[in-house]
Amino acid sequence: MSAGFFFMISSIEDYTFHEAMMREALKQAGRAADIDEVPVGAVIVHGREIIARAHNQIEMLKDPTAHAEMIAITQATNHLSSKWLQDCVLYVTIEPCSMCAGALVLSRIEKVFFGARDPKTGACGSVVNIPRIEKLNHHFDVEGGILESECAAIVSAFFKKKRCK
């Protein structure tokens, strides 16, 4: 991937803020794990205010689209009374899948920060790079690796526990 595909953190202050927002997403991932969902959490920020918090609810709702990102998008658009998430940033513990990346394009989100890469279904650079498909009408900046080890660890622990049952 070329460096131009990623938003670069410009200062220590920015990095501290991004870490704090990813910790909020990790709290949501913990909530998912508590209800036996794959522990993915997301928050959407407008300005420097969190306007949406969500976690996976696929099993609970019996809905394959109930990913943390999708639920957060709905919360944020409702909060803003707008179908667009311009000037908004998503923090999510795992790299978005193709469904979520497509929804983020459609929502016109500005930036996405994720924790751990998803080498099986990641659609922001790992398997495909939906935010950079030239023919799409919107593109967003992406940066991975924010609290990467913590984000990867919660998912690994969840699946390890599942395998032991």
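Values below: all heavy atoms of this structure, side chains included; hydrogens, waters and symmetry mates excluded. Because the structure is predicted, anything quoted here is derived from the model rather than measured.
Taking the six-membered ring for Trp and thresholds of 30 and 60 degrees, F113 and Y91 have nearly parallel ring planes, at less than 30 degrees apart.
S98 is not listed as a side-chain neighbour of T121, based on a closest heavy-atom distance of 4.5 Å or more. By the 4.5 Å heavy-atom criterion applied to side chains, H67 and I58 are counted as neighbours. Taking 4.5 Å as the limit, some side-chain heavy atom of E150 sits within range of a side-chain heavy atom of R23. Using a 4.5 Å cut-off on side-chain heavy atoms (C-beta onward), H139 and R132 make contact.
Nearest heavy atoms, I109 versus V89: CD1-C, 4.2 Å. Of all heavy-atom pairs spanning P131 and A123, the tightest one is CD-O, 3.4 Å. Contact record, F17 with V45: CZ-CG1, 4.1 Å, taken as the closest heavy-atom pair. The minimum heavy-atom distance linking M70 with C100 is given by the pair CG-SG, 3.9 Å. Scanning all heavy atoms of the two residues, the minimum distance from I51 to C88 falls at CD1-SG, 4.1 Å. The minimum heavy-atom distance linking H55 with I35 is given by the pair CE1-CD1, 3.8 Å.
Hydrophobic clustering places V155 together with I146 (ILVMFWY residues linked when any side-chain heavy atoms are closer than 4.5 Å, directly or through intermediates). The same ILVMFWY cluster, assembled from side-chain heavy atoms under 4.5 Å apart, contains both V127 and V92. Cluster annotation: V38 and M99 are assigned to distinct hydrophobic clusters (Ile/Leu/Val/Met/Phe/Trp/Tyr, side-chain heavy-atom contacts under 4.5 Å, transitive). I71 and L104 fall into different hydrophobic clusters, defined by Ile, Leu, Val, Met, Phe, Trp and Tyr side-chain heavy atoms under 4.5 Å apart, directly or through other members. Hydrophobic clustering of Ile, Leu, Val, Met, Phe, Trp and Tyr side chains at less than 4.5 Å, counting indirect connections, unites M21 with L80.
For the pair Q28 (side chain) and V43 (backbone), a donor-acceptor distance under 3.5 Å is absent. Looking only at distances, no side-chain donor or acceptor of E95 sits under 3.5 Å from a matching main-chain atom of G144.
Rounded to the nearest 0.5 Å, atoms CZ (F158) and CZ (R163) are 11.0 Å apart. Atom CZ of residue R53 and atom CD of residue E24 lie 5.0 Å apart, to the nearest 0.5 angstrom. Residue S126 holds its OG atom at 12.5 Å from NZ of K120, rounded to the nearest 0.5 Å. A distance of 9.0 Å separates OG of S82 from NE2 of H46, quoted to the nearest 0.5 Å. Interatomic distance, CG of N56 versus CG of D36, reported as 12.0 Å (0.5 Å rounding).
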Report task. Determine, stepwise, if the pair I94 / F114 fulfils side-chain contact (heavy atoms from CB on, under 4.5 Å). Result -> CA-CA 6 Å; I94 301 297; F114 66 83; over 6 Å; no
Query raised in the report: Going through the distances and angles, do R108 and L85 end up as a side-chain contact (heavy atoms from CB on, under 4.5 Å)?
Result: CA-CA 6 Å; R108 295 196 173 39; L85 295 179; over 6 Å; no
Report task. For the pair I154 and T93, evaluate side-chain contact (heavy atoms from CB on, under 4.5 Å) and give the outcome as yes or no after the intermediate values. Result -> CA-CA 9 Å; I154 192 169; T93 56; 5.6 Å; no
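A salt bridge does not link D87 to K111: none of the charged nitrogens lies less than 4.0 Å from a carboxylate oxygen.
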